[in-house]
Amino acid sequence: MSERFRIGLLGHGTVGGAFAELLRERADGVEHVTGLRPEITGVLTRSRGNFDEILENADLIVEVMGGLEPARDYVLRALRAGRHVVTANKQLLSRHGEELWDAARERGAQLRFEAAVGGVVPVIRVLQESLAGAHIDRVTGIVNGTTNFILTEMARSGLSYGEALAEAQRLGYAEADPTEDVNGADAAAKMAILARLAFDTPVHLDQVVYEGIEHLTSDDMQYARDLGLGLKLIGTAERIDGGLAVRVHPAFLYAGHPLASVAGPFNAVTVESPAITEITMSGPGAGGPQTASAVLGDVISAMIPPAQTPPTRERLEIVDDVESAFYLHMEVADRPGVLAQVAQVLGLQGVSIKSVVQKGLGENARLVMVAHPILESKFYAALEMIAGLDFMRARPRAIRVIEAEYV
Ligand SMILES: NC(=O)c1ccc[n+]([C@@H]2O[C@H](COP(=O)([O-])OP(=O)(O)OC[C@H]3O[C@@H](n4cnc5c(N)ncnc54)[C@H](OP(=O)(O)O)[C@@H]3O)[C@@H](O)[C@H]2O)c1
């Protein structure tokens, strides 16, 4: 009979419940791999369990309760007591990661968090282990399945944002309160964690500039399709001028981009480094059983030999004005000279145009263009000037375009 490996489970909701069930199914397999018999020795919810007792009777704590407090307090106390911790809590790590990793190192405990980013996609392991020796230039990700599902539906069926959100909620891809998903905050937390690992520098959620998808309209997607572009909510962390820029925003991608074909509730992350060119990993982004599988993978890793998240060595400056190409959608009066005036204003700020489409007549006249990469501050200055032109029938709409093509 193998020795027992005792697991304290904090949270028994979507992920915690699925984890308990998966562990029951897979206990023999885990015992075979690790030589230890995993067993849940305590469960904490709002209505049952006592944290101190659970901690006392556990070798490892699984934190799948979410939120900042008391999750932070429990994880810290577990690590300081020398227990390994597995968590799926991106909000906690993106705000308090350094404090928690420090506590883990001080006691030689493991803090594992594969399920916090990318659902089942094993991107944390790849960054911490497989690519630990690589000099990474850029990490680009679709790290929120809810928004990717909504954008896929808007593009495919011409649904409005509200209709696509309702469909996501009906199918269980969006929470009753989807705010953190659709406003980009969830993806921003995940990008902060990925950036911290990939660039070996502290990154706090507050340093991630983010925008959501609530303002997007399906006609932007229709027009952009004519220009060969598809819309995604993209997270980017990249070295710029010796610093690091971490952002989340909607962006158009050309068809050749490795993330362009990622559809529905899937997640994907592309890592670029001179030595490896580019690696893209993709898979289901969330869901109880899927996330539980990532949690179990971490539990098994913790049962075998130790792995640590080392302290950061770099102090990279966070860059917030970067170059982007832009899609620009203008509802204009149908009269001569409009295109020339827009071009003149753009020219004043140094914005040059890559392609232009003129659509519709009269009340439906529209000018849609893609501008070459330009510092965002300059582009937005031009946008403000265009908004003030007398022939504009509505505020111009702008969305970034990612121009990189991959073969
Ligand atoms: N759902 C997903 O697909 C997914 C994917 C990746 C990561 N995650 C992360 O996994 C974590 C859990 O998500 P979930 O969807 O499983 O949440 P959930 O269904 O709302 O479950 C949360 C569980 O934690 C318990 N809990 C919450 N606050 C507590 C407190 N203060 N004291 C004691 N127990 C408390 C709840 O207790 P009661 O049962 O008494 O309410 C419930 O059992 C979150 O960090 C989330 O971001 C989830």
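Here, residue 1 is the first one in the sequence, and each next residue gets the next number. In each ligand, atom 1 is the first atom listed, and ligand 1 is the first ligand listed. These numbers come from a predicted model, not from an experiment.
- Of the N and O atoms on the side chains of Glu63 and Thr87, at least one donor lies less than 3.5 Å from an acceptor on the other residue.
- In this structure, a donor-acceptor pair under 3.5 Å is present between the side chains of Thr312 and Arg315.
- Residue contacts with ligand 1: Gly11 is placed with no nitrogen or oxygen under 3.5 Å of a nitrogen or oxygen of the ligand (distance criterion only).
- Within the set Gly285, Gly66, Gly288, the minimum heavy-atom distance to atom 44 (C) of ligand 1 is found for Gly66.
- Protein heavy atom closest to atom 21 (O) of ligand 1, with residue, atom name and distance, is Gly13 CA, 3.3 Å.
- Looking from atom 15 (O) of ligand 1 to the surrounding protein, the closest heavy atom is Thr14 CB, 3.5 Å.
- Protein heavy atom in closest approach to atom 36 (C) of ligand 1: Arg46 NH1, 3.8 Å.
- For the pair Arg26 and Glu21, the salt-bridge criterion is not met [side-chain N within less than 4.0 Å of a carboxylate O].
- Any N or O atom pair closer than 3.5 Å counts here, and Glu175 shares no such pair with ligand 1.
- Contacts of Lys90 with ligand 1, taken as heavy-atom pairs under 4.0 Å, involve the side chain alone.
- Nearest protein heavy-atom neighbour of atom 31 (N) of ligand 1: Pro70 CD, 3.4 Å.
- When hydrogens are left out, the protein atom nearest atom 48 (C) of ligand 1 is Val15 CG2, 3.5 Å; that is the closest non-hydrogen contact.
- Residue Gly16 has no nitrogen or oxygen atom sitting less than 3.5 Å from a nitrogen or oxygen atom of ligand 1, judged on distance alone.
- Residue-ligand proximity: Gly67 is placed with every non-hydrogen atom at 4.0 Å or more from ligand 1.
- Every residue meeting the side-chain contact (heavy atoms from CB on, under 4.5 Å) condition with Ala188, not counting sequence neighbours, appears here in chain and number order: Leu205, Val208, Tyr210, Val248.
- For ligand 1, the atoms sitting less than 4.0 Å from at least one non-hydrogen atom of Ala286 are 3 (O), numbered in the order shown with element in parentheses.
- Salt bridge absent: Arg247 and Asp320 never bring a charged side-chain N and a carboxylate O closer than 4.0 Å.
- Within the 4.0 angstrom cut-off, atom 40 (O) of ligand 1 has one or more protein heavy-atom neighbours.
- For Tyr380 and Phe326, the ring centers are positioned less than 6.0 Å apart.
- Aromatic ring orientation, Tyr74 versus Phe51: parallel (interplanar angle below 30°, classes split at 30° and 60°).
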Query raised in the report: Should Asn57 and Thr41 be marked as a side-chain hydrogen bond (donor to acceptor under 3.5 Å, both in side chains) after you check the CA-CA gap, both sets of side-chain angles, and the distance that decides it?
Result: CA-CA 7 Å; Asn57 288 310; Thr41 44; over 6 Å; no
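- Looking only at atom types and distance, the side chain of Thr280 has a donor-acceptor partner in the side chain of Glu278 under 3.5 Å away.
- Within the listing of ligand 1, atoms 23 (C), 42 (C), 43 (O) sit less than 4.0 angstrom from a heavy atom of His12.
- With respect to atom 5 (C) of ligand 1, the closest heavy atom belonging to the protein is Thr291 OG1, 3.2 Å.
- Between Lys359 and Asp219 no salt bridge is recorded (no basic side-chain N to carboxylate O distance below 4.0 Å).
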Query raised in the report: What do the steps show when you test Glu175 against Gln169 for side-chain hydrogen bond (donor to acceptor under 3.5 Å, both in side chains), and what is the final call?
Result: CA-CA 6 Å; Glu175 310 265 330; Gln169 284 169 324; over 6 Å; no
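- Taking CD1 of Ile142 as the start and CG of Leu259 as the end, the distance is 4.5 Å to the nearest 0.5 Å.
- Scanning the protein heavy atoms around atom 22 (C) of ligand 1, the nearest turns out to be Met65 O, 3.7 Å.
- The protein heavy atom nearest to atom 12 (C) of ligand 1 is Val64 O, 3.2 Å.
- Residue Ala115 approaches ligand 1 through these ligand atoms, each under 4.0 Å from one of its heavy atoms: 6 (C), 7 (C).
- The atoms of ligand 1 that sit less than 4.0 Å from any heavy atom of Asn89 are 45 (O).
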